[in-house]
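Input: a single structure, listed below in structure tokens.
Lettering of chains follows the sequences in order, A, B, ..., and the numbering in each one begins at 1. No hydrogens, no waters, no symmetry mates; every other heavy atom, side chains included, goes into these values.
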Amino acid sequence: MATLKELSAREELFSGGHRLCAGCGIPPIMRLLLRSAGAPVVATTATGCLEVGTTIYPYTSWRISWIHSAFENSAATISGIESAYRSLKKKGKIAADKDIKFLALGGDGGTYDIGFQALSGALERGHDFLYVCYDNGAYMNTGIQRSSATPLGSATTTSPAGSAHPGKGQWRKDLTRIVVAHNIPYAAQASPHNWRDLAKKAEKAFNTEGPTFLNVVSPCPLGWYSKPELSIETAKLAVDTCYWPLYEVEDGILKVNYKPREKKPIEEWLKLQGRFKHLFKEENRWLLEETQKRIDSEWERLLEMDGKRVF
Amino acid sequence: MATPLTDKKKQVVLTGNSAVAYAMKQIDPDVCAAYPITPSTAIMEEFSSYYADGKVSTELVTVESEHSAMSACVGAAAAGARVMTATSSQGLALMWEVLYIASGMRLPVVMAVVNRALSAPINIHCDHSDSMGARDSGWIQIYSETVQEAYDNLFQAVRIAEDHRVLTPAMVCLDGFITSHAIENLTLIEDGDVKDFVGEFEPKQSLLDTGHPITMGAMTLPEYYIDFKYEQSKAIRGAKEVVIEVGREFGERFGREYGLMECYRLDDADVAIVVLSSAAGTTKVAVDRLRDQGKKVGLLRPRLYRPFPHEEIASALMGVKAVCVLDRADSMSGFGGPLFTDVRSALYGRDSAPKVIGRIFGLGGRDYKVEDAEAVFDELYNVLETGEAGKLTGYITI
Amino acid sequence: MKKDCEEKKEVPLGGVIHKAGNAHDYVTGGWRKLRPVLDKDKCTNCLICWVMCPDSAVIAEDGKMVGFDLEHCKGCGICAMECPDKVKAITMEEEEA
């Protein structure tokens, strides 16, 4: 596992000068990812903040080969690229010793929702690629609309906190579990605050043959109504409250990578974010309790599976 | 699967789908990503058999939807691969979003479109609603009358699409069931001759050239977007000359030359029908019958529909006095069908241009018979006699 | 005067950008309201600020934190916040108007 000193000596493949918001959680994830590949990377990105923010013509932040096609087809696009690579290699049009890593990227909208089918298909077909979802919990690029990754009670522009409906009425989809159910060789959840864990998982995923998946929580000052300087802290609290457990499933064995010494109450994470402000009103306290109960039970479930075979 | 029954002249008996699959086998593309849909399914089934038996070196990507099929095609073509696929109807409709991405990125994907009606109501039979819905997507569209032509067009489409002056995706259309499932005689080309003719794809840029990283599909703001579209428009319009060149070369090599259109007994015709694809065959029978009766009738069958060769089509019709354009697709609530509006506007403003009427026919596989064509010619003679176009647009075969 | 469309400027095929990473030429420093200031004496070169920076704007050379790329720093303040409690070598100061 490389140290930060070693990582900093590697080429910066994601340049500054992009238009992502100040304090955005996505770039630190990308910078670490690209440093962890160990070979040239060809990437595709679903429509969304990352795509728009990094490639406003004639500028690009990417120092790797990169393509954006549409919103729902990141996994299908990488399937085509990776198939072309295998085909051209087989035909001798690419040198036999040339190694390329394939990376598909998408936000939670492009992954949990509209790109879900393409992702499932690509995982099932077994293409050799890494899919990374930066999960900021809503359609941030189009102005903070709820997605199936949006937490219960969160206020978004399509689930506003009104007097009749206090924010999003549903629990979030557990995409990582669904991905694991595809029986792929490696899947994990990570967070940018724990760079060591994230870099390790990225390295492992890139070096595993077949489809691999990382779901990375990505704080969004704009959509979370949180302070930009607190982005990394917010990510850390998401993990310390067990809202976003760090775990991996490698060849079917589940491993919880981090168990907080003291599990923090979910309120500590929620209170940093304006999107949950209304939950602290007396009439909505039941939603806080509901959230805590659900997190506790899911964390319990995860701990029960720790070290066990899940497929 | 229909097995080619080769005789000395390489004459075989194949369905349209089998001929297309066989052409794909001979082209042996680098990547083929596809999803089954009636009536084009057999193309992919047979191609999958070639793959299973190791007769192609293609990477076959059996995706989970047509949207993903075209998306994988875009990815593969952006990675410098020669890419082919096939679809029909709802499948083409589902690809719609990605069709524009393929053409906007100037990726020379080649796709067989077996024409079928669009839902609702659901119908698996032939009309052109599917590919007509994609006529503005920036894809080259070539329509085939026969199995032989569909087979021949596929090789030419590869050459046209990949030509560095063009670099634009191409559809080869053939009529669902009528051509895709009809067994016809055709002449096959030897594998080696196919290889010589289609050559190797030489991409101008590729994602896999990691020494020269590129960014594709960037967000372009008003400052640039129209400039890219202008270049794209220029390239696809320029494809017309390449279609002629490639068609001529194909003719020289294999004895079957194709141009922008087929003019059948049109030279001295007073009245003419303009129609795409297999309906032209039926129309020719009517033309012959009426010619036997001394009537000067003719046919114009556009082969290249996108880019639309408006000058050539208008010129070819200038000697005619009354024309009926038959559309196997309705441009719902528009002014007639798409081919009608294209042909009519091509003629507009020309002195002594023919009178042009349009009729929608044969939707969802409704039979178009020789008698239907004769009735159209009758109507055209009525236009001639009265000097009035009368009802400009409407339906027949209902 | 009528513009001749056929003389329009040349644009790259398919909208491709050939200059990888040229966003570096785009200045986002103007977004900044607060400027990070480094106290070299306190800095332990742990590089946490470097790895957490969203704008690739912490400059690390030979494993050492040498300063900020103010052309790209948007002043989010993550570096100051993440600088370890025992170190606190970065402060955020008001940009002058």
- Message: Measuring from atom CD1 of I67(A) to atom CG of L107(B), what distance do you get when rounded to the nearest 0.5 angstrom?
- Response: 6.5 Å
- Under 4.5 Å from any heavy atom of chain A - which part of M70(B): neither
- Got a second to check how far L208(B)'s CG is from I94(A)'s CD1, nearest 0.5 Å? 4.5 Å
- Query: chain A heavy atoms under 4.5 Å from A33(B): which part of the residue, side chain, backbone, both or neither?
  - Reply: neither
- Task: Sort I100(A) into side chain, backbone, both or neither according to what part of it lies under 4.5 angstrom from a heavy atom of chain B.
- Result: side chain
Could you pull out every donor-acceptor pair under 3.5 Å between chain B and chain A?
residue : atom : partner : partner atom : Å
D28(B)  : O    : K91(A)  : NZ           : 3.3
D30(B)  : O    : S87(A)  : OG           : 2.7
D30(B)  : OD1  : K91(A)  : NZ           : 2.8
S57(B)  : O    : K90(A)  : NZ           : 3.0
S57(B)  : OG   : K91(A)  : NZ           : 3.2
E59(B)  : OE1  : R86(A)  : NH1          : 2.7
E59(B)  : OE2  : K90(A)  : NZ           : 2.9
E64(B)  : OE1  : R125(A) : NH1          : 2.8
S65(B)  : OG   : Q117(A) : NE2          : 3.3
H67(B)  : NE2  : E72(A)  : OE2          : 3.0
S71(B)  : OG   : N73(A)  : ND2          : 2.9
E200(B) : OE1  : K93(A)  : NZ           : 2.8
L207(B) : O    : S65(A)  : OG           : 2.8
T210(B) : OG1  : K98(A)  : NZ           : 2.6
I214(B) : O    : W66(A)  : N            : 2.9
T215(B) : OG1  : T60(A)  : OG1          : 2.7
M216(B) : N    : W66(A)  : O            : 2.8
M216(B) : O    : H68(A)  : N            : 2.9
G217(B) : O    : H68(A)  : ND1          : 3.0
M219(B) : N    : T55(A)  : O            : 2.8
M219(B) : O    : Y57(A)  : N            : 2.8

- Task: Please flag which part of V98(B) lies under 4.5 Å from any non-hydrogen atom of chain A: side chain, backbone, both or neither.
- Result: side chain
- Task: Sort L221(B) into side chain, backbone, both or neither according to what part of it lies under 4.5 angstrom from a heavy atom of chain A.
- Result: side chain
- Between I214(B), V61(B), L60(B), which has the largest tally of heavy atom pairs under 4.5 Å with chain A? I214(B)
- Query: Among V83(B), V74(B), L207(B), which has the most heavy-atom pairs under 4.5 Å with chain A?
  - Reply: L207(B)
- Message: Does any backbone or side-chain atom of I101(B) lie under 4.5 Å from a heavy atom of chain A? Answer side chain, backbone, both or neither.
- Response: side chain
